[in-house]
Novice: 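Got a structure here, written out as structure tokens. Questions coming.
Start at 1 and go down the list; that is how both ligands and their atoms are numbered.
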Amino acid sequence: MLPKILISRAIFPEIIARLGQHFDVTSNQDDVLWTPSQLSEQLQGMSGVFTTGGERIDAALLAACPVLKICANMAVGYNNFDLDAMTAAGVLGTNAPDVLTETTADFGFALLMATARRVAESEHFLRAGLWTRWRYDMFTGSDIHGATLGILGMGRIGQAIARRGAHGFGMKVIYHNRSRLDDATEAQCGARYVGKAELLKTADHLVLVLPYSASSHHAIGATELAQMKPRATLVNIARGGIVDDAALAAALRNKTIAAAGLDVFEGEPKVHPDLLTVPNVVLTPHIGSATVPTRLAMANLAADNLIGYLLHDKPLTPLNPAVLSAR
Ligand code: GLV
């Protein structure tokens, strides 16, 4: 009998077909958004689950699903997993790193440029039929080239953004991270390590690329925004909750900073209503990794992890390898 797995959201048909060669697959191509108890019901008897980043895997769900062995996230972020509870229950978690690094860095730059050059705001103006003449100060924004790019969180995606800024746009790149990069990687990225206060004070454009955790919750709030330059822009492609969205909306309205670009939101897909009414913010629906080849690569990596662990005992990107050594 083939091991049973659940694919918890709609996914590329070729991924379902691929997994179907190895497993007894239940899929959710109608993309029903299951409640935690519905997910738990669907998981009865399943050895593995393919998750997409929004499904909460916690102690209560794990207790109700005693035969579950692996949760394979099709996302690099895994704040939907309670990893301690998974380790305690002997359930492996895997994520999908690396395959989305360059695509997400491209998008970070797209959002940065749209924000600094007021692309969305000016497009709305044109569509509304308000463009009747040229004016010297119409939608004047700030330069990218030659400016100081600040990066908070210098993992793989942060480094890829730094390389684009330093080598593509001649930016001065500064970063802050829990740990400093080695000299060779700093040189490759063209980036200089600074403290968080200096980062906030010096950056013309600040991009957030750090993982969400209790310690990064509201890492950017009213106090931090007040330390930034009035002409600065802020881009968040990391996770909702890292920015205090209510404080940001107020800072945008008061011109504490010039503009922001947000791909992620606290409590998404809900968006703080104040962000919807300020003009100087570009809003996108969590699409940082959304190209066809990258989403396919992410899904294939999640599938590789299910196949690798359940059939060969060799997951590719385990998050809690303690589960492997504990058996
Ligand atoms: C996207 O946000 C991811 O974590 O892959």
Novice: Would you call the rings of F139 and F125 parallel, tilted or perpendicular, where under 30° means parallel and over 60° means perpendicular?
Specialist: perpendicular

Novice: Can you run down the salt bridge (charged side-chain N to carboxylate O under 4.0 Å, His left out) pairs that involve residues 271-284, sequence neighbours left out, and say none if there aren't any?
Specialist: none

Novice: Measure from every N or O atom of ligand 1 to the protein's N or O atoms and keep only the pairs below 3.5 Å, writing each with atom names and distance to 0.1 Å.
Specialist:
unit_1: ligand 1; atom_1: 2 (O); unit_2: R239; atom_2: NH1; d: 2.7
unit_1: ligand 1; atom_1: 2 (O); unit_2: H286; atom_2: NE2; d: 2.7
unit_1: ligand 1; atom_1: 4 (O); unit_2: V76; atom_2: N; d: 3.3
unit_1: ligand 1; atom_1: 4 (O); unit_2: G77; atom_2: N; d: 2.8
unit_1: ligand 1; atom_1: 4 (O); unit_2: R239; atom_2: NH1; d: 3.4
unit_1: ligand 1; atom_1: 4 (O); unit_2: R239; atom_2: NH2; d: 2.7
unit_1: ligand 1; atom_1: 5 (O); unit_2: V76; atom_2: N; d: 2.8

Novice: Decide whether N73 and N80 meet the rule of one side-chain donor and one side-chain acceptor closer than 3.5 Å.
Specialist: yes

Novice: Is there a donor in the side chain of E266 and an acceptor in the side chain of H218, or the other way round, less than 3.5 Å apart?
Specialist: yes

Novice: Under 3.5 Å, is there a donor on one side chain and an acceptor on the other for Q159 and Y175?
Specialist: no

Novice: Salt bridge or not between R163 and E102? Use side-chain N to carboxylate O under 4.0 Å.
Specialist: yes

